[in-house]
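Letters A, B, ... are given to chains in the order of the sequence lines, protein chains preceding strands, and every chain is numbered from 1.
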There are 4 protein chains.
Amino acid sequence: MHELDFINHPVNYGDMTRDAMPVTEERLRDADRSQGTILAAARGEFAEFGLGGARMDRIAERAGLNKRLIYYYFTDKEALFQAVLEQAYRDIREAEQRLNLLELKPAEALRRLVEFTWNYYLDHPEFLTLLNSANLHKARHLQESQRARELNSPLIEMLAQILERGRREGSLRGGVDPLQLYISIAALPYFYLSNNHTLSAIFGRDLMTAKARNERLSHMCDLILGYVLRD
Amino acid sequence: MHELDFINHPVNYGDMTRDAMPVTEERLRDADRSQGTILAAARGEFAEFGLGGARMDRIAERAGLNKRLIYYYFTDKEALFQAVLEQAYRDIREAEQRLNLLELKPAEALRRLVEFTWNYYLDHPEFLTLLNSANLHKARHLQESQRARELNSPLIEMLAQILERGRREGSLRGGVDPLQLYISIAALPYFYLSNNHTLSAIFGRDLMTAKARNERLSHMCDLILGYVLRD
Amino acid sequence: MHELDFINHPVNYGDMTRDAMPVTEERLRDADRSQGTILAAARGEFAEFGLGGARMDRIAERAGLNKRLIYYYFTDKEALFQAVLEQAYRDIREAEQRLNLLELKPAEALRRLVEFTWNYYLDHPEFLTLLNSANLHKARHLQESQRARELNSPLIEMLAQILERGRREGSLRGGVDPLQLYISIAALPYFYLSNNHTLSAIFGRDLMTAKARNERLSHMCDLILGYVLRD
Amino acid sequence: MHELDFINHPVNYGDMTRDAMPVTEERLRDADRSQGTILAAARGEFAEFGLGGARMDRIAERAGLNKRLIYYYFTDKEALFQAVLEQAYRDIREAEQRLNLLELKPAEALRRLVEFTWNYYLDHPEFLTLLNSANLHKARHLQESQRARELNSPLIEMLAQILERGRREGSLRGGVDPLQLYISIAALPYFYLSNNHTLSAIFGRDLMTAKARNERLSHMCDLILGYVLRD
DNA sequence: CATGAATGAGATTTCATTCAT
DNA sequence: AATGAATGAAATCTCATTCAT
């Protein structure tokens, strides 16, 4: 997202005269860009060290920007964390939107959702850590966020439709609470990946090899589909 | 004045030898008790604020003991955290030992394990946070722990036996990896409880009412048993 | 929205020479107005928080103008404070000028001066705080001001004439140093108003009610006139 | 006060055994001493630079103690300022207590009070600056002080008695409000000394020479006594 | 065994000021 | 004339840890 912003951010107006330059746009983009850079740097730092362990100095360094600028744009560490969190949610919601589950058959849609969740967590490990941090602080940052409700996943509604359709078709069992199902679909990969280190240490077995990962994905699909499919 | 203070400092008990002191045993008991008090205080603090957010000052205050004593017994914050973590694992393993799953019928044993896990997490919320903290730090504290292996749950072995027995009896399906199943049984309540705040904030729905908790437990049992039972 | 504002902003008047521009005068007026706005904002800020506590950011905000502009017109915070101080002095001197004490009978002139001082301080509480700040900094800003001497109150000279006339008439006692008297006439309301909060807190009595203020004014008149009048 | 604490602060308990040492006293006294040192350093710093201009670093340096210790004992800058303020008030009240005005004849007592106030302000210039700072902050620090009322000068009561006695004797006029008089007696030297720099700069005349000071004291006595004496 | 006092390093945050248009 | 973005230096405050009995 932010990455893309950079692409068309030419600083070179060739031989345009200074007066003719679209000064304002340039500036606004700079401000936006700085904010984006800070946000990205902060996301990395918070993900790696948690809210308490993150260092504003390091965030500035990661961003290649003056520390003061962080406060200029984000007020303080807490607010910055909140901004990072909101963005992380917006990102995953956006990805979810692109799934188009309703075009698939119910069972297929569920499998696809399990796969998507697994892959998204794999590709965005920061999301897990951020979520952990947020929960350590009792979701205070979300509760303070006025956009909290917007972060409500549209998937719940979609899931409800899929389940209902499956039930009517006779392919899925009835009486499944979409929220419970959604939570379970998130829980299964989340725990595995988030606690990967502890689990690996205790069981003396690397859970992140390609093989282990494939096994986990199958297991989760089996579990979810085994539960929801009408036999 | 500081200078002079040294003069008569020697740990001088007159000519009594230290071993001959009548108080020794009592003292040892005090020592044990102090360590326990510190450990309990630290567990609370780490659970509430994470490793980064925990404060040695507050731990001392919670324990009602001098801060210096913590260092005396536990070297430093990291080591203290490690001690807390090991104890938390020992505690849950002890509880697991008392389950006697092998005495039950396979399906019954599984249901009981799901219920146990759910209830243990409910009763020991600090376990979840400690686990989170440990993983934020990539389980460094476990890897450094020489007792890590001892923490390996005996449940895996037990689960393997249960699954095998069920398969032979024909009551359970075959081909279920006990480790995957164990992880899933932990994952389902873990995510729900650990992310309770975030989920409640986002879905605008209190997930901790008695009703909601009962629903979650049924859902988890349905999910696990629906998957594992041979139909 | 911001973007659009700038579009026709460029300081480009085509090939008109700058001197020929019709807007010059208007601009000068704007410049004057901006300076005045800044000065007023700064006076408020310095009065409320002192030199050390005043914030350039807040001054800009109060003025509704860009912070950079303050530096453009006033060099730095110190110089701005000096400018504020000079203006405050000019203001009170101007007000004094309008008193026309010499037209009154000596005793009447003195009473009027006491009343004027009291009222001026009441109406311009910022004057007191500015004076305090100036003195905290050992009047450095005044010493650096080239106009310091101009700030010398013409009242001293006037007071000398009044006292002399009164002495000759026999209505006032002799041997009164006009500077001492002037200082006392300022001191009596100054302390009351400047320390109003402290005094109110300590004596648990609101000193700013209409009644309390009237009492103070009578007391001061009694004190000054009781001293200076020949009985 | 603190100064005296040092005097009997022996560090040498000779051949007392360790257990017999009044360890606690010793320690407490050290803590007291450190607090006293910090308080004295802070008083100087706040007096010189005001609350906003004071630097915690400099206070630590002045005290010859670790900056951290200031926070250990006084929480933060504001609280430290409050402590300094309270102490300054306690000091002047203590000095007032030693005046024994009631033993003198009314007129004599008043003259003595004027002299005392003048000399106290001369000897404790920090008191004036602290008072100024306190008032800049609208006496917030006093209002928050639970001891505010204890700082109420007993002089008011004493003054009331003196005035009443003088009135009955016939030596003093009646109808004088002791609070108004007290404020005026404070106001006259306060303004002169507190604004000394500004006044000197403006009038181009050093107000702190021995001669100038004597003149001021006479003037104040004349003013107060001229007002209060029955002729 | 136990402790109150003290500290250095480093964290977050602030603030006057300058840059670049 | 006017501005939003950016900064370096320094301020306040925090925190794990050690000192000295």
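The distance between atom CE of B:Met56 and atom P of E:dA9, rounded to the nearest whole Å, is 20 Å. Remark: C1' of E:dT17 and CG of C:Asn66 are 12 Å apart, rounded to the nearest angstrom. Distance CD1 (D:Ile59) to C1' (F:dT12): 11 Å, rounded to an integer number of Å. For A:Glu45 and E:dA11, the CD to P distance is 10 Å, given to the nearest whole Å. In this entry the distance linking CZ of C:Phe49 with C1' of E:dA16 reads 17 Å, nearest Å. The CG-C1' distance, from B:Asp57 to E:dT3, rounds to 14 Å in whole Å. Between the CZ atom of B:Arg55 and the P atom of F:dT17 there is a distance of 12 Å, rounded to whole Å. In this structure, A:Glu61 atom CD and F:dT7 atom P are separated by 14 Å, rounded to whole Å.
The residue C:Ala60 sits apart from the nucleic acid: no heavy atom pair falls under 4.0 Å.
F:dA1 makes up no base pair with any nucleotide shown, lacking Watson-Crick or G-U wobble contacts both under 3.5 Å.
Between B:Gly64 and C:Gly52, it is B:Gly64 whose nearest contact on DNA chain E lies nearer the 5' terminus.
Salt-bridge check for C:Arg62 with C:Glu45: passed, with a basic side-chain N closer than 4.0 Å to an acidic carboxylate O. The pair C:Lys138-D:Glu48 fails the salt-bridge criterion, with no side-chain N (NZ, NE, NH1 or NH2) lying under 4.0 Å from an Asp/Glu carboxylate O.
The closest donor-acceptor contact from the side chain of C:Lys67 to the backbone of C:Glu61 lies at 3.5 Å or more, if one exists at all.
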#### Entry: D:Met56 vs D:Tyr71, side-chain contact (heavy atoms from CB on, under 4.5 Å): CA-CA, chis, key distance, verdict
CA-CA 10 Å; D:Met56 297 299 273; D:Tyr71 292 92; 3.5 Å; yes
### Message
Please evaluate residues C:Leu51 and C:Leu136 with respect to the criterion side-chain contact (heavy atoms from CB on, under 4.5 Å), reporting the C-alpha separation (whole Å), side-chain torsions for both, the decisive distance (0.1 Å), and the verdict.
### Response
CA-CA 9 Å; C:Leu51 176 52; C:Leu136 179 60; over 6 Å; no
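Using a 4.0 Å cut-off on heavy atoms, the residues of residues 67-76 of chain D that approach DNA chain F are D:Lys67, D:Arg68, D:Tyr71, D:Asp76, listed by number.
Within the 4.0 Å cut-off from OP1 or OP2 of E:dA6, at least one side-chain nitrogen or oxygen of D:Ser34 is found.
Using a 4.5 Å heavy-atom threshold, the side chains of A:Leu39 and A:Tyr73 count as separate. By the 4.5 Å heavy-atom criterion applied to side chains, A:Phe46 and A:Lys77 are counted as neighbours.
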